[in-house]
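Below is one structure, written out as structure tokens; comments come after it.
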Amino acid sequence: MSNATRACIALLLLAAAPAFAQQAPAVAQQAPAVAQQAPAAGATPPAPVAWSSLAPEQRKVLSRFAGQWDSLPPARQQALAHGSDRWLGMSAEQRDKARERFSHWQGLPPEQRHALRGRWQKFQELPPNEQARVRENFHKFQQLPPARRQILREQWRSATPAQRQQMIEHARERGEKGQMPRPPPQAPRPSQAPRPQHR
């Protein structure tokens with residue numbers, strides 16, 4: 001696993017920690033195939049999207065699906081239509097970043113993509129207020145200096161499940177007070193001498 005992948009996963013784990021106190025703390029980027037999920041019991045199945053109902057710009061973006069459009073599941077059609085609409089609304093810089101993320105996604109091993117899809121589905125099942133809190137924590141984490149983010153990633157990776165649970169609870173408490181979540185203090189490493197306290 002590359003350092004970039006580890007960093008991305010750790011970042012997402014830390015950002016999602018408060019929302020998943022009872023579950024495995026993780027969230028991931030949406031995968032292209034997630035839209036093929038079956039509807040929940042009692043939910044109305046998604047309606048098919050007619051190829052002719054798409055705007056000409058959308059049909060151009062989705063041209064590789066033109067021949068098979070009618071055979072795609074309605075949920076996939078809706079996801080592709082929505083995705084093409086988002087794509088058309090992006091700046092050139094945003095499109096470059098999206099291409100980069102997709103290329104990275106394709107380079108992941110299948111088992112890792114599967115795990116990330118599962119985490120994304122768990123995130124999608126959260127109530128909107130919890131999703132918003134996870135996103136807010138993620139953005140706060142992104143605003144930290146790179147060195148601080150790296151320290152937090154390392155602390156998360158080296159923590160036991162019990163320590164992670166404690167970090168989650170601590171983050172939740174700090175989040176309720178409007179503060180950026182921080183892990184609880186850990187004992188200094190043997191190579192680190194305690195700093196003298198000035199009074």
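Residue numbers start at 1 and run along the sequence shown.
Ring-plane geometry between W69 and F65 is classed as perpendicular, the angle between the planes exceeding 60 degrees on a 0 to 90 degree scale with a lower cut at 30.
In this structure, L144 and L152 have side chains that are in contact, with non-hydrogen atoms separated by less than 4.5 Å.
Here R119 contributes atom CZ and K122 contributes atom NZ; the two are 8.0 Å apart, rounded to the nearest 0.5 Å. Summarising the geometry, atom CZ belonging to R149 is positioned 8.5 Å from atom CD belonging to Q143; distances are rounded to the nearest 0.5 Å. Atoms CG and CE, from D85 and M90 in turn, are 10.5 Å apart once rounded to the nearest 0.5 Å. The distance from atom NZ of K140 to atom CZ of R135, rounded to the nearest 0.5 Å, is 15.5 Å. Taking CZ from R153 and CD1 from I151, the interatomic distance works out to 11.0 Å, rounded to the nearest 0.5 Å.
Looking at every heavy atom in both residues, S53 comes nearest to A50 through OG-O, 2.6 Å. Minimum heavy-atom separation, S84 to Q58: OG-NE2, 3.1 Å. Shortest non-hydrogen contact noted between W87 and R99 is CZ2-NH2, 3.5 Å. For the residue pair Q106 and R113, the shortest heavy atom distance occurs at O-NH1, 3.1 Å. Taking both residues in full, the closest heavy atoms of R157 and R164 are given as O-NH2, 3.5 Å, listed atom of the first, atom of the second, then distance. A pairwise comparison of heavy atoms in W51 and R59 identifies NE1-CD, 3.2 Å as the closest pair.
For E154 and Q150, the side-chain atoms include at least one donor-acceptor pair closer than 3.5 Å.
Side-chain atoms of Q131 come within 3.5 Å of backbone N or O of F123 as a donor-acceptor pair. Looking only at distances, a side-chain donor or acceptor of Q163 sits under 3.5 Å from a matching main-chain atom of T160. With hydrogens and angles ignored, the 3.5 Å screen pairs a side-chain donor or acceptor of Q78 with a backbone N or O of A47.
Ring centroids of W105 and F102 are separated by 6.0 Å or more, keeping the two rings apart.
Counting non-hydrogen atoms of other residues, nucleotides and ligands closer than 6.0 Å to CD of Q68 gives a total above 12.
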